[in-house]
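Numbers here simply count residues along the sequence, with the first being 1.
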Amino acid sequence: MGKYDALGVFLRRWRVRNDAEGVEIGFAQIESIIGGLLPRGAAEPEWWCTNGHADCSAPHRRAWLDAGFDAIAEPRAERVYFRKRTAA
């Protein structure tokens, strides 16, 4: 099991149990979910980005993309809003 798999499991469960469009999670809660610290790179919006030139196969991005979410980060506030992806 990869470091970010638990985040994907959390988001999948949240998606099944909630009708809201998304969930906001603080960095500390994400670290609790994954059982470890986020890397320094998580302090940069690009680490969370899945647009443009971002590597969508990166394990941390796969966790929320495979669970059906986009991530909108506010690194200075140390929180991330995971928004349900819409079917194209």
Side-chain angles (χ1 to χ4, degrees):
M1 191 157 143
K3 179 177 182 177
Y4 301 100
D5 290 350
L7 178 59
V9 169
F10 173 90
L11 290 169
R12 282 184 190 87
R13 287 180 180 163
W14 187 92
R15 185 181 187 96
V16 169
R17 296 176 181 163
N18 294 276
D19 291 331
E21 289 300 311
V23 59
E24 186 173 279
I25 307 174
F27 282 15
Q29 185 178 358
I30 293 171
E31 289 175 338
S32 178
I33 291 167
I34 66 173
L37 298 175
L38 288 167
R40 288 184 182 149
E44 300 297 328
E46 295 79 16
W47 193 83
W48 302 94
C49 181
T50 53
N51 299 328
H53 301 295
D55 179 4
C56 289
S57 66
H60 63 286
R61 291 188 186 105
R62 288 275 33 111
W64 59 79
L65 291 172
D66 289 350
F69 288 84
D70 287 317
I72 303 162
E74 293 182 52
R76 287 193 172 124
E78 294 191 351
R79 63 182 174 215
V80 182
Y81 180 73
F82 292 98
R83 182 182 62 209
K84 290 180 183 176
R85 294 174 67 97
T86 56

Apply side-chain contact (heavy atoms from CB on, under 4.5 Å) to residues Val80 and Ile30 and explain how you reach the verdict. CA-CA 9 Å; Val80 182; Ile30 293 171; 4.0 Å; yes
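- For the pair Asp66 and Arg12, the tightest heavy-atom approach, listed with the atom from each and the gap, is CB-NH2, 3.4 Å.
- A 4.5 Å side-chain heavy-atom check between Trp14 and Phe69 finds at least one atom pair inside the cut-off.
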Could you walk me through whether Trp48 and Tyr4 satisfy the ring-ring contact (aromatic ring centres under 6.0 Å, His included) test, starting with their C-alpha distance in whole Å, then the side-chain angles of each, then the deciding distance to 0.1 Å, before giving a yes or no? CA-CA 13 Å; Trp48 302 94; Tyr4 301 100; 8.5 Å; no
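- What you find for Arg83 and Ile72 is that their closest heavy atoms are NH1-CD1, 3.4 Å.
- The cluster map of Ile, Leu, Val, Met, Phe, Trp and Tyr, joined by side-chain heavy atoms under 4.5 Å apart, puts Leu65 and Ile33 in the same cluster.
- Remark: side-chain polar atoms of Arg61 are paired, donor with acceptor, to backbone N or O of Cys49 under 3.5 angstrom.
- Taking each heavy atom of Ala67 and Gly8 in turn, the nearest pair found is CB-O, 3.8 Å.
- Checking side-chain atoms of Glu31 against main-chain N and O of Leu38 turns up a donor-acceptor pair under 3.5 Å.
- Note: His60 and Trp47 have parallel aromatic rings, judged against thresholds of 30 and 60 degrees for the angle between ring planes.
- Arg62 CZ: more than 12 foreign heavy atoms inside a 6.0 Å radius.
- Remark: the backbone N or O of Leu11 is not paired with any side-chain donor or acceptor of Arg15 at under 3.5 angstrom.
- Taking 4.5 Å as the limit, every side-chain heavy atom of Asp70 sits out of range of all side-chain heavy atoms of Tyr81.
- For the pair Ala42 and Pro75, the tightest heavy-atom approach, listed with the atom from each and the gap, is O-CB, 4.1 Å.
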